[in-house]
Amino acid sequence: FREALESILDAASPNASALLTAADIFQQRIRSAECTARWVEAAFWSSDRVVCDLGDLGSAAAGCPFVVLGDAACGKPFYTGTTLNGHLKDVAAMVDETDWIHDGASMACSRFLPHERRYQAEIHR
């Protein structure tokens with residue numbers, strides 16, 4: 001870590017030595033105690049769609065959307081799964097592309113069509 005920092009740090013800068021000392025301390029604290037290798041069986045999946053009408057299940061919740069994000073929609077088992085950043089990226093995209101204005105209309109599945117279209121484009125790439 002220190003070597004990488006030294007390659008980009010100007011040694012003449014006023015805080016260079018303090019930053020390098022902090023990097024040394026950080027490296028000592030995160031040093032692994034042991035390292036092992038093992039085989040992991042993993043299944044990868046993708047949902048046919050990410051926006052579903054709960055009424056399709058025969059319930060009384062017709063018109064109520066069920067929206068799937070992140071690894072639940074297209075991913076890997078937790079052990080080999082994506083990071084929280086991947087989930088937050090999906091959430092941020094859905095928030096940006098969905099019309100959240102309260103206009104008296106119900107929050108139907110149609111409001112999430114941009115999210116569904118983006119997901120379909122991703123899995124068909």
Side-chain angles (χ1 to χ4, degrees):
F1 182 69
R2 181 187 179 97
E3 293 81 19
L5 188 57
E6 285 176 326
S7 70
I8 61 169
L9 187 64
D10 179 7
S13 66
N15 296 320
S17 65
L19 191 56
L20 290 171
T21 301
D24 290 338
I25 292 169
F26 178 71
Q27 187 64 42
Q28 289 171 1
R29 288 182 173 238
I30 64 167
R31 190 160 304 205
S32 63
E34 67 180 84
C35 180
T36 60
R38 61 182 155 189
W39 288 101
V40 175
E41 284 192 42
F44 301 88
W45 63 85
S46 63
S47 177
D48 291 338
R49 56 194 170 140
V50 290
V51 180
C52 305
D53 187 334
L54 289 178
D56 292 346
L57 299 174
S59 71
C64 182
F66 179 78
V67 181
V68 183
L69 294 164
D71 280 354
C74 182
K76 312 170 195 177
F78 181 75
Y79 184 76
T80 60
T82 59
T83 64
L84 181 59
N85 289 338
H87 294 285
L88 295 177
K89 179 185 133 247
D90 283 351
V91 170
M94 186 191 71
V95 167
D96 286 342
E97 63 202 6
T98 301
D99 180 8
W100 298 99
I101 296 173
H102 180 63
D103 57 3
S106 65
M107 188 60 84
C109 293
S110 59
R111 292 216 188 198
F112 297 96
L113 282 179
H115 173 63
E116 179 69 38
R117 286 187 198 111
R118 182 177 46 80
Y119 174 76
Q120 293 297 327
E122 281 183 28
I123 65 170
H124 288 107
R125 282 194 274 168

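Note that the coordinates shown come from a computational prediction; the quantities given were computed from them, not determined experimentally. We count residues from 1, following the sequence as given.
- Between Ala16 and Ala11, the closest heavy-atom pair is CB-O, 3.7 Å.
- Under the 4.5 Å side-chain criterion, counting only non-hydrogen atoms from C-beta, Val51 is not in contact with Leu113.
- The minimum heavy-atom distance between Asp103 and Arg111, with the atom names listed, is OD1-NH2, 2.6 Å.
- Of the possible donor and acceptor atoms, none in the side chain of Asp53 sits under 3.5 Å from a partner among the backbone N and O of Ala62.
- Placement of Ile101 and Phe112 in two distinct hydrophobic clusters is found when ILVMFWY residues are connected by side-chain heavy-atom separations under 4.5 Å, directly or transitively.
- Linking Ile, Leu, Val, Met, Phe, Trp and Tyr whenever their side-chain heavy atoms come within less than 4.5 Å leaves Ile25 and Leu20 in two separate clusters.
- Pairs of residues two or more places apart, or lying in two chains, never qualify as salt bridge (charged side-chain N to carboxylate O under 4.0 Å, His left out) while including a residue from residues 57-67.
- In plain terms, the two heavy atoms of Ser13 and Leu9 that are nearest each other are OG-CD1, 4.3 Å.
- Pairing each heavy atom of Met94 with each of Val67, the nearest pair is SD-CG1, 3.6 Å.
- Heavy atoms only, all atoms of each residue included: Tyr119 and Ala73 are closest at OH-O, 3.0 Å.
- With respect to Arg118 and Asp96, no salt bridge is recorded, no charged nitrogen being found less than 4.0 Å from a carboxylate O.
- For the atom pair OG1 of Thr21 and CG of Asn15, the computed distance is 11.0 Å after rounding to the nearest 0.5 Å.
- Trp100 has its side chain within reach of Met107: a pair of non-hydrogen atoms, C-beta onward, lies under 4.5 Å apart.
- With values rounded to the nearest 0.5 angstrom, Cys52 atom SG is found 7.5 Å from Glu116 atom CD.
- At distances below 3.5 Å, not a single donor-acceptor pair connects side-chain atoms of Glu122 with backbone N or O atoms of Arg117.
- Val68 is not listed as a side-chain neighbour of Ser47, based on a closest heavy-atom distance of 4.5 Å or more.
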